[in-house]
Amino acid sequence: MGEKYLITSALAYTNGPLHLGHVRSTYIPADVMRRYLKMIGKEVIHVGGTDNHGVPITIIAEREGVSPEEIVNRYHREIKRDLDSLSIEFDSFGKTHSDIHIKTAQEFYLKLKENGYIYEKEIEQFYCPHCKKFLADRYVEGICPYCKGEARGDHCEVCGRHLEPTKLIEPYCVICKGTPEIRRTKHRFFKLSALAKELREYIKNSKMPDYVKNMAYRWIEELHDWDISRDMEWGVPLPDDSSQVMYVWLEAPIGYISFTKMLGDIWKDYWLKERGKDVNIWHFIGKDIVIHHSVFWPGMLIAHGEYNLPTSIISGGYLTLEKKKMSTSKRWVVWVKDFIRYFHPDYLRYFLMINAPLNKDCDFSFEEFQKRINTELIAIIGNFIHRTLVFTHRKFKRMVKVERERLKEEDLKLIERCEEIRERYHRHMMEFNFKEALMDIIHLAQEGNNYFQRMEPWNVKEEGRLEEILYTCGVTVKYIVYLLYPFMPNKCMEILDIMNEELDLELRGRELKKVKVVFKKVEDKEVERAKREILNIKDKKEESMITIEDFGKLDLRIGQILEAEEIPKSKKLLKLIVDIGDEKRQVVAGIKGHYTPEELIGKKVVVLCNIKPAKLCGVESQGMILAGGEETVALLVPDRDIPVGSKVR
RNA sequence: AGCGGGGUGGGGUAGCCAGGCCGAUCCCGCCGGGCUCAUAACCCGGAGAUCCGAAGUUCAAAUCUUCGCCCCGCUACCA
């Protein structure tokens with residue numbers, strides 16, 4: 001086959017590490033696909049990297065008082081570590097803040113210009129006189145002219161409307177909080193509107209999913225030209241005007257090409273139209289950036305003219321966390337690096353891929369994770385593998401291999417099923433239907449378990465027949481491990497190691513190593529702990545902290561006890577009359593037995609005066625006397641004489 | 001506000017584009033039985049769904065049309 005596959009994963013933005021949503025929508029699916037294609041002998045490369053330019057990064061850098069490079073390098077490392085920890089492999093992984101990318105992006109831009117797709121136009125833009133710069137994008141915040149809510153740049157956080165930034169009420173610069181003024185500046189525009197026809201034709205003939213096509217068609221109906229330059233320093237400088245940089249969304253997708261270039265000359269076999277004729281370019285992305293990949297990016301490629309266009313766009317749905325929307329600012333998020341401290345990365349890969357079809361939104365919950373791992377992966381798949389290996393090891397110490405001719409009809413039937421299921425699995429994989437592909441494996445394991453149960457090898461005395469049965473089971477195990485490998489590479493290699501086998505569909509009948517439990521059960525305790533520690537602990541601590549303002553709400557004063565008497569019906573209560581300076585209060589205190597009424601009279605104590613009045617044993621209490629201790633109870637009293645009514649702070 | 005996607009037994013999900021094969025799929029859960037090689041696992045059987053609501057098209061609708069309700073996402077200077 002001359003077919004080649006270029007898989008790209010959406011570039012990760014270097015403003016934070018990866019969370020479960022990122023890896024479920026994009027990186028795990030891309031890696032699963034790459035591993036599968038490679039396993040079946042296809043030529044495939046996986047290209048990815050980080051996206052380092054744009055306003056959010058400069059804002060973080062300015063707030064932290066460091067250079068944008070420092071932010072970018074920090075998160076680039078973290079992101080790569082997160083990906084490595086989940087066995088997500090790349091043939092090339094780059095940064096957009098790199099020479100090769102900047103050069104590639106500039107060449108791309110010049111080509112667009114040469115082809116007549118770039119023009120200049122003056123626009124109005126906020127300018128901060130204090131910071132002496134134009135306020136691109138989110139550098140300006142203010143009040144939404146529609147709903148009066150908080151708005152950032154062009155977008156209202158409250159009503160979600162898209163805004164004209166210059167229309168903001170009370171705009172301010174996010175750096176110096178000063179009021180910006182409107183100035184005119186010259187921006188470059190990309191003539192996207194001229195490409196409507198070509199884009200429609202391209203989309204029609206592409207293999208994108210229908211819903212992606214529909215979304216793209218609608219965009220094309222109202223295609224505006226695209227403002228592609230920014231008045232800032234952080235980014236890829238325009239090659240024809242170094243006072244401005246390219247808008248990130250123009251420059252970032254070019255990273256797919258730049259990072260392929262890092263592999264050397266073979267990049268041409270993938271990207272150049274004339275050389276790469278049978279290439280499938282698959283962009284794995286999250287569904288938030290479908291339009292960029294189905295309209296803007298193909299538009300750029302058409303305008304450039306020399307490169308291949310994407311074959312398909314595989315967009316993953318969003319992940320909610322325990323049924324609630326994830327939010328990094330509210331800390332309602334599970335970071336990859338936290339999760340893998342508790343559970344095997346392969347379990348996460350399995351769960352995220354089987355939990356729902358890729359293009360749908362779905363939920364991550366710790367209980368659901370545990371359930372699916374324990375009942376499907378372990379009870380069905382893992383158990384079939386394990387019972388086969390353990391039983392075979394006990395009887396023969398090695399995997400059994402017999403001639404196919406010896407097999408009975410029922411044996412051959414299971415082996416036929418292996419083949420049928422492999423084919424079905426292949427179709428599902430090539431349609432990016434990873435959930436169904438995993439279901440195919442479960443079904444095969446169930447048939448294996450069923451066979452095992454019906455054959456009752458533990459009752460079979462005749463060794464020849466036992467060999468046939470265990471050979472049949474062994475073959476089925478190999479199929480399962482093979483099909484499962486793209487999803488759970490580490491666990492599958494462990495099993496193959498025990499079996500002394502290779503990653504293929506042959507069964508060689510070699511010596512078995514000591515069998516151990518490869519798929520260990522996820523215990524309730526572990527789940528509870530992980531959930532508590534990942535989601536709550538920080539929040540709990542923070543929630544239970546109070547501020548000085550909270551404390552200020554307490555009206556604590558020095559009071560003097562004037563009268564004290566027992567409340568007859570109660571075991572612990574005394575009724576006190578306390579002078580708190582400007583008034584006298586009746587207070588019920590639970591100190592009977594610890595103090596006698598007589599010794600209390602005249603004492604100065606601390607009183608909480610603004611607690612809601614309550615009735616205790618039918619007696620109204622209009623305050624609270626502070627005391628400490630369990631067995632020995634002591635009242636809090638001032639250790640110097642201060643006036644009644646003094647505020648306690 | 002506009003646009004898009006979705007609402008199917010307790011949870012998840014298939015089927016809907018090309019209406020009858022759907023008295024609705026599969027995984028989990030639940031109930032009953034079996035087995036013991038296996039990580040209380042596995043095997044067999046069973047119960048459980050007004051297919052969001054209303055109206056319509058049709059000999060026939062989960063599937064098509066219209067209206068309503070609810071969830072989610074996107075809206076170009078949010079990666």
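Lettering of chains follows the sequences in order, A, B, ..., and the numbering in each one begins at 1.
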*Given atom CD1 of A:I381 and atom C1' of B:C28, what is their separation to the nearest angstrom?*
14 Å

*Side-chain N,O (A:W219) to OP1/OP2 (B:G4) below 4.0 Å*: no

*What is the distance from NE2 of A:H393 to P of B:C37, rounded to the nearest Å?*
17 Å

*What is the nucleic acid contact for A:L192, judged by heavy atoms within less than 4.0 Å: base, sugar-phosphate only, or nothing?*
nothing

*Assign A:R394 to base, sugar-phosphate, or nothing according to its heavy-atom contacts below 4.0 angstrom with the strands shown.*
sugar-phosphate

*OP1 or OP2 of B:G12 less than 4.0 angstrom from a side-chain nitrogen or oxygen of A:K323, does that happen here?*
yes

_Please report whether the ring centroid of A:H224 lies less than 6.0 Å from that of A:F189._
no

_Between A:Y247 and A:F190, is the ring centroid distance below 6.0 Å?_
no

*Pair A:H76-A:F93, ring-ring contact (aromatic ring centres under 6.0 Å, His included): steps then yes or no*: CA-CA 10 Å; A:H76 179 85; A:F93 193 81; 5.5 Å; yes

*May I ask you to say what A:H443 touches in the nucleic acid, namely base, sugar-phosphate or nothing, with a heavy-atom cut-off under 4.0 Å?*
sugar-phosphate

*Look at all strands and tell whether A:H22 reaches a base, only sugar-phosphate, or nothing, counting heavy atoms closer than 4.0 Å.*
base

*Determine which nucleotide pairs with B:G53, using a 3.5 Å limit on both distances of a Watson-Crick or G-U wobble pair.*
B:C67

*Would you indicate which nucleotide in B:C27, B:U13, B:C37 comes nearest to any side-chain atom of A:M439?*
B:C27

*Could you give the CD-to-P distance, from A:E376 to B:G11, as a whole number of Å?*
17 Å

*Could you tell me whether the phosphate oxygens of B:C42, OP1 or OP2, come under 4.0 Å of any side-chain nitrogen or oxygen in A:N450?*
no

*At under 4.0 Å, does any side-chain N or O of A:Y318 touch on OP1 or OP2 of B:G73?*
no

*Rounded to the nearest Å, what distance is computed from the CE atom of residue A:M455 to the P atom of nucleotide B:G34?*
22 Å

*Between the base of B:C74 and the side chain of A:D288, is there a donor-acceptor distance below 3.5 Å?*
no

*Is A:K413 salt-bridged to A:E410, going by a charged N under 4.0 Å from an acidic O?*
no

_Atom pair distance, as rounded to whole Å: CG in A:N383 and C1' in B:A40_ = 11 Å

*According to the Watson-Crick and G-U wobble definitions, with both distances under 3.5 Å, which nucleotide is paired to B:C3?*
B:G73

*Is the distance between the ring centroids of A:F364 and A:F366 under 6.0 Å?*
yes

*Side-chain N or O of A:K435 less than 4.0 angstrom from OP1 or OP2 on B:U25?*
no

*Using a cut-off of 4.0 Å on non-hydrogen atoms, how would the nucleic acid contact of A:K521 be classed: base, sugar-phosphate, or nothing?*
base

_Output the rounded distance in Å from CG (A:N374) to P (B:C27)._
18 Å

*May I ask you to say what A:K395 touches in the nucleic acid, namely base, sugar-phosphate or nothing, with a heavy-atom cut-off under 4.0 Å?*
nothing

*Would you say a side-chain N or O of A:Q453 is under 4.0 Å from OP1 or OP2 of B:G34?*
no

*asked:* Need one value for A:I289: base, sugar-phosphate or nothing, where a base atom within 4.0 Å counts as base even if backbone is also close, heavy atoms only.
replied: sugar-phosphate

_In this structure, how many angstroms lie between the C1' atom of B:U13 and the CZ atom of A:F351, rounded?_
13 Å

*asked:* Under a 3.5 Å threshold, yes or no: a donor from one side chain and an acceptor from the other, between A:H19 and A:D82?
replied: no

